[in-house]
Amino acid sequence: MIAVGWRQVTKRYADGHLALEGVTLEVEPGRGLAILGTSGSGKTTLLRMVNRLIEPTSGTVEVWGRAVSDWDLIRLRRSIGYVIQEVGLMPHLDARANVALGLRALGWSKSARRNRSEELLAMVGLDPERVGRLRPHELSGGQRQRVGVARALASRPELILMDEPFGALDPITRRELQGEFDALRRRLGTTLVMVTHDVREAFVLADRIAVVERGRVVQQGTPEELLAAPETPFVAAFLADAYAVSRDQR
Ligand code: ADP
Ligand code: MG
């Protein structure tokens with residue numbers, strides 16, 4: 001079964017702008033797909049169709065073999081972890097409560113929620129006793145992002161969506177968190193769909209990359225395939241920055 005599939009997906013926004021045109025893509029269970037492209041290319045639009053924050057104009061999007069339009073919307077969203085750059089933590093709740101936020105609705109008991117949030121904070125490298133008691137404004141940007149990741153993983157989702165999750169961090173914190181998240185995701189076997197304009201991020205976190213340009217997928221493949229044979233000048237230019245990372249990290 002395919003974890004996520006887009007089939008001939010087109011999106012025309014109400015103002016007439018054609019944001020996506022005939023996109024077909026698949027993600028296999030347990031794998032990571034990076035949707036890579038410049039700003040405005042349609043990446044976020046593609047991602048937000050998976051948890052049905054955006055509906056396609058035509059075509060279908062499937063999650064675990066079933067059209068998202070056939071899913072119960074609440075169940076669909078609860079089954080998917082979602083991480084965005086702004087994180088969206090509740091300002092009046094401490095880190096532990098933020099991580100546990102979605103678990104209550106899923107019927108977890110108070111003690112189970114507490115144990116799970118402490119376990120998750122430790123998993124993303126935060127001290128549950130100290131940092132767990134801090135509110136978002138008392139955390140650094142990197143710590144907030146870690147809390148966001150912990151929250152997305154708390155209910156053990158089989159699928160996680162990330163939209164430029166580490167973009168606001170300084171380069172060193174970003175690389176560190178990317179590496180830790182990647183190891184964690186692979187250990188848990190979680191399927192990942194992520195959106196980024198950072199080719200290095202795509203290389204670290206994804207098994208496959210789909211390059212989008214003005215609403216179309218211009219090439220897809222493994223990082224090695226894209227590096228070895230970029231099919232358009234746009235892909236080649238985009239990947240130029242990746243040679244350094246391919247030397248350093250792969
Ligand atoms: P990306 O995430 O790659 O930067 P988006 O998917 O957010 O791109 O947007 C793709 C294009 O669609 C952009 O040109 C953007 O301005 C346009 N767009 C996004 N949302 C809307 C909307 N609600 N109405 C009209 N145009 C939109
Ligand atoms: Mg975007």
For V68, does its backbone N or O pair with a side-chain atom of R52 as donor and acceptor, under 3.5 Å?
yes
Apply side-chain contact (heavy atoms from CB on, under 4.5 Å) to the pair M123 and L184, showing each step before the final yes or no.
CA-CA 8 Å; M123 224 190 257; L184 186 59; 3.2 Å; yes
So F238 and E213, side-chain contact (heavy atoms from CB on, under 4.5 Å) or not? Walk me through it.
CA-CA 11 Å; F238 220 123; E213 183 185 4; over 6 Å; no
Common cluster, V23/L161, ILVMFWY with side-chain heavy-atom separation under 4.5 Å:
yes
May I ask you to test the T196-F166 pair for a side-chain heavy-atom distance under 4.5 Å?
no
Listed partners of D207 passing salt bridge (Lys or Arg N to Asp or Glu O under 4.0 Å), at least two apart
R185, R186
Within the side chain of Q220, is there an N or O that forms a donor-acceptor pair under 3.5 Å with the backbone of E26?
no
Any sub-3.5 Å donor-acceptor pair from N98's side-chain atoms to M90's backbone N or O?
yes
Do the non-hydrogen side-chain atoms of P165 and M194 ever get within less than 4.5 Å of each other?
yes
Are V124 and I84 connected, step by step, through hydrophobic side chains (Ile, Leu, Val, Met, Phe, Trp, Tyr) whose heavy atoms are closer than 4.5 Å?
no
Run the salt-bridge test on E138 and R135 with the 4.0 Å N-O cut-off and return the result as yes or no.
no
Does one hydrophobic cluster hold both L46 and V211, with members joined at side-chain heavy-atom distances below 4.5 Å?
no
Please check this pair: side chain of T10 against backbone of G22, looking for a donor-acceptor N/O pair closer than 3.5 Å.
yes
Could you pull out all residues at least two apart from D198 that satisfy salt bridge (Lys or Arg N to Asp or Glu O under 4.0 Å)?
R175
Donor-acceptor contact below 3.5 Å, side chain R48 vs main chain I54
no
Give a yes or no on whether Y82 and L101 share a hydrophobic cluster (residues Ile, Leu, Val, Met, Phe, Trp, Tyr; joining criterion: side-chain heavy atoms under 4.5 Å apart).
no
Option passing side chain to side chain donor-acceptor pair (under 3.5 Å) with E21 (candidates R216, Q8, R12)
R216
Kindly determine whether V193 and W6 satisfy side-chain contact (heavy atoms from CB on, under 4.5 Å), including the steps that lead there.
CA-CA 12 Å; V193 182; W6 294 258; 3.8 Å; yes
Heavy-atom count around R7 CZ within 6.0 Å, excluding the residue itself: above 12?
yes
Between N51 and R77 (side chain of the first, backbone of the second, donor and acceptor by atom type, cut-off under 3.5 Å), is there such a pair?
no
Examine distances only and state if a side-chain atom of K43 and a backbone atom of T38 form a donor-acceptor pair shorter than 3.5 Å.
yes
Check salt bridge (Lys or Arg N to Asp or Glu O under 4.0 Å) between E231 and all other residues, then give those that pass, not counting sequence neighbours.
none
Less than 4.0 Å between a side-chain N and a carboxylate O, is that true for R146 and E176?
yes
Quick one, L227 with F203, criterion side-chain contact (heavy atoms from CB on, under 4.5 Å). Give me CA distance, side-chain angles, the key distance, then yes/no.
CA-CA 10 Å; L227 270 182; F203 268 61; 3.6 Å; yes
